[in-house]
Each structure stands twice: as structure tokens, then as C-alpha cells.
Amino acid sequence: LRGDQVGYTEGTNLNPVAIELLTDDETILILDSSGAQITTYKPTEYGLILREAVNSHEERRYDDAVEAWNKILGMSSNSALAYKGVGRVYYLWAAETEVVDNDTTEQREKFLESADYFMKGYSQEDYGKAFYKYRDLVLEKAMPYIMWAIIIITVVTLVTGWTKKFKKFVETGGRQQ
């Protein structure tokens, strides 16, 4: 009866009234009252890998999550969702990375990797957050050297200026010209 309806496509539901996930956690059943039928849906390989990526991320199994997201990128290299997913994994991984002996190298690399994936996934806000964290860690590491360089340059400049003035003072015998 439904197959004769105009605009009907097999697998569509005109009036779904119930949905159920079976115990295998993969099969979804949808009851459609207008056609008095039950439609069964099973996830594709892509859907199963996507679920694995999300579950691994939520369970903080970051290596597994990155591997699953990269499988998705292998199937669809333009997937903004996958790029953002990998970016989020690296961002959380970096945030939870323990800093030992004030060495933030691993953390910096993960924030930079995160920013790179967010950029590929066109997520400007997330890119900004990841790059901000990366930049702060770089500046935190470099700032003492920058400050010492400024102090040394200032001292050398002052001493050079005073030396010139002192030589001129000695040459003139203390008289002003």
C-alpha cells in the first residue's frame, strides 16, 4: 500500500511513534503508525567507527580515539566532524598531560596538533583556544630568556653611553665645552 504512495521511499517513516535500541547496541527499530510497519536500521562501518571514536574520547582512551578518527578521515578526508574530533581529543589530552620537571614540550606539541586539526575542520573558535594555550606555554618557556636579553642590552647600552661621556670628561679635563 505505501509503495504506491507518491513521494514514498523505502526506509522512510511518515509517522514514527516509537524507537527502540536492541540489546546488541547496534540495531534500531522504528515503529511507523501510518504504514503499520517496523523499520530496522543497522549502522554502517562508518557509523560503527564514529561510535568507537566518540566512546573512546568520552572514556579518555585518547590513543584509541585518535586512531578511530583517523580511520574516519581515511574514509572521508574532508570530514570536518572528524578533524574537530581529533582536535578535541588532542586538546583534552594536552590539558590532562602531567608536566614533569617544568618540561611542557609534550603539552605544547599536543596543543599545536589540536590547533592544526581545528584549522582543518574550520573550527575558528576551537582553533583560537588551542593556539592560545600553545602560545602561552611557548611564552612561559621563552619569557625568562627574553627578559634577560632586554636587561643585558639595556645595561650594555647604558654602560657604553656612560663610558663615552666619561672619556669625553677626562679628555676635556672636566671642563664643559
Side-chain angles (χ1 to χ4, degrees), residues 2 8-35 37-147:
R2 284 183 63 182
Y8 170 75
T9 303
E10 187 175 345
T12 59
N13 296 288
L14 300 176
N15 192 20
V17 291
I19 186 168
E20 185 69 30
L21 178 64
L22 296 184
T23 56
D24 66 358
D25 279 342
E26 289 185 6
T27 307
I28 298 173
L29 301 176
I30 298 180
L31 174 63
D32 188 347
S33 65
S34 63
Q37 70 177 19
I38 296 176
T39 306
T40 305
Y41 292 95
K42 284 207 169 265
T44 61
E45 180 185 1
Y46 184 89
L48 291 172
I49 296 171
L50 180 63
R51 182 184 296 167
E52 173 61 26
V54 171
N55 288 343
S56 296
H57 181 145
E58 288 175 351
E59 295 167 3
R60 289 178 162 61
R61 293 182 289 122
Y62 298 126
D63 285 325
D64 295 340
V66 168
E67 183 181 333
W69 284 119
N70 282 327
K71 283 182 187 176
I72 290 172
L73 286 171
M75 296 171 145
S76 175
S77 62
N78 290 327
S79 173
L81 175 69
Y83 282 118
K84 288 183 217 173
V86 178
R88 285 188 186 109
V89 170
Y90 276 117
Y91 187 88
L92 285 176
W93 201 351
E96 293 179 6
T97 298
E98 187 175 328
V99 176
V100 179
D101 295 331
N102 207 21
D103 182 13
T104 60
T105 305
E106 185 180 356
Q107 199 175 32
R108 283 194 319 263
E109 288 171 357
K110 284 185 172 71
F111 277 126
L112 185 60
E113 193 78 21
S114 173
D116 183 48
Y117 276 101
F118 284 138
M119 183 174 59
K120 290 176 183 175
Y122 303 106
S123 181
Q124 291 178 347
E125 185 176 337
D126 291 328
Y127 171 81
K129 288 177 185 176
F131 193 79
Y132 173 83
K133 293 279 192 178
Y134 169 75
R135 184 198 65 209
D136 277 358
L137 290 172
V138 168
L139 285 176
E140 184 179 292
K141 193 78 170 171
M143 194 53 73
Y145 301 108
I146 293 169
M147 293 307 295

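Between Tyr134 and Phe131, the angle of the ring planes lies from 30° to 60°, which puts this pair in the tilted group.
Scored by the side-chain contact (heavy atoms from CB on, under 4.5 Å) test, Leu22 finds Asp24, Thr27, Leu29 as partners (sequence neighbours excluded). Applying the salt bridge (charged side-chain N to carboxylate O under 4.0 Å, His left out) test to Glu59 and every residue at least two apart in sequence or in another chain returns Arg61. For Asp136, the side-chain contact (heavy atoms from CB on, under 4.5 Å) test picks out Tyr132, with sequence neighbours left out. Every side-chain contact (heavy atoms from CB on, under 4.5 Å) that Tyr62 has, sequence neighbours left out, goes to Arg60, Val89, Leu92, Trp93, Glu96. For Lys71, the side-chain hydrogen bond (donor to acceptor under 3.5 Å, both in side chains) criterion is met by no residue, not counting sequence neighbours. Taking the side-chain hydrogen bond (donor to acceptor under 3.5 Å, both in side chains) definition, one finds that Gln107 meets it with nothing, sequence neighbours left out. Residues meeting the ring pair (Phe, Tyr, Trp, His ring centres under 6.0 Å) test with Tyr83, sequence neighbours left out: none. Residues meeting the side-chain hydrogen bond (donor to acceptor under 3.5 Å, both in side chains) test with Asp63, sequence neighbours left out: none. With sequence neighbours left out, Arg108 forms a salt bridge (charged side-chain N to carboxylate O under 4.0 Å, His left out) with no residue at all. By the side-chain contact (heavy atoms from CB on, under 4.5 Å) test, Ala130 is found to be paired with Tyr91, Ser114, Ala115, Phe118, residues two or more places apart in sequence or in another chain being considered. Every residue two or more places apart in sequence or in another chain was checked for a salt bridge (charged side-chain N to carboxylate O under 4.0 Å, His left out) with Lys84, and none qualifies. Not counting sequence neighbours, Glu109 has no partner by the salt bridge (charged side-chain N to carboxylate O under 4.0 Å, His left out) test.
Counted within 6.0 Å of NZ on Lys133, heavy atoms from surrounding residues, nucleotides or ligands total 12 or fewer; the atom is thus considered open. Heavy atoms of other residues, nucleotides or ligands lying less than 6.0 angstrom from OH of Tyr46 number more than 12.
When all heavy atoms are compared, the tightest approach of Ala82 to Leu73 is CB-CD2, 3.5 Å. Residues Pro43 and Leu48 come closest through the heavy atom pair CG-CD2, 3.6 Å. Listed here is the closest heavy atom pair of Pro144 and Glu140: CD-O, 3.6 Å. The two residues His57 and Ala65 have their closest heavy-atom pair at N-CB, 3.7 Å.
Put simply, the side chain of Asn70 gets close to the backbone of Val66: a donor and an acceptor are under 3.5 Å apart.
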task: Using the side chain to side chain contact (heavy atoms under 4.5 Å, CB included) rule, take Leu50 and Leu81 through it: C-alpha gap first, then chi angles, then the decisive distance, then the call.
output: CA-CA 10 Å; Leu50 180 63; Leu81 175 69; 3.9 Å; yes
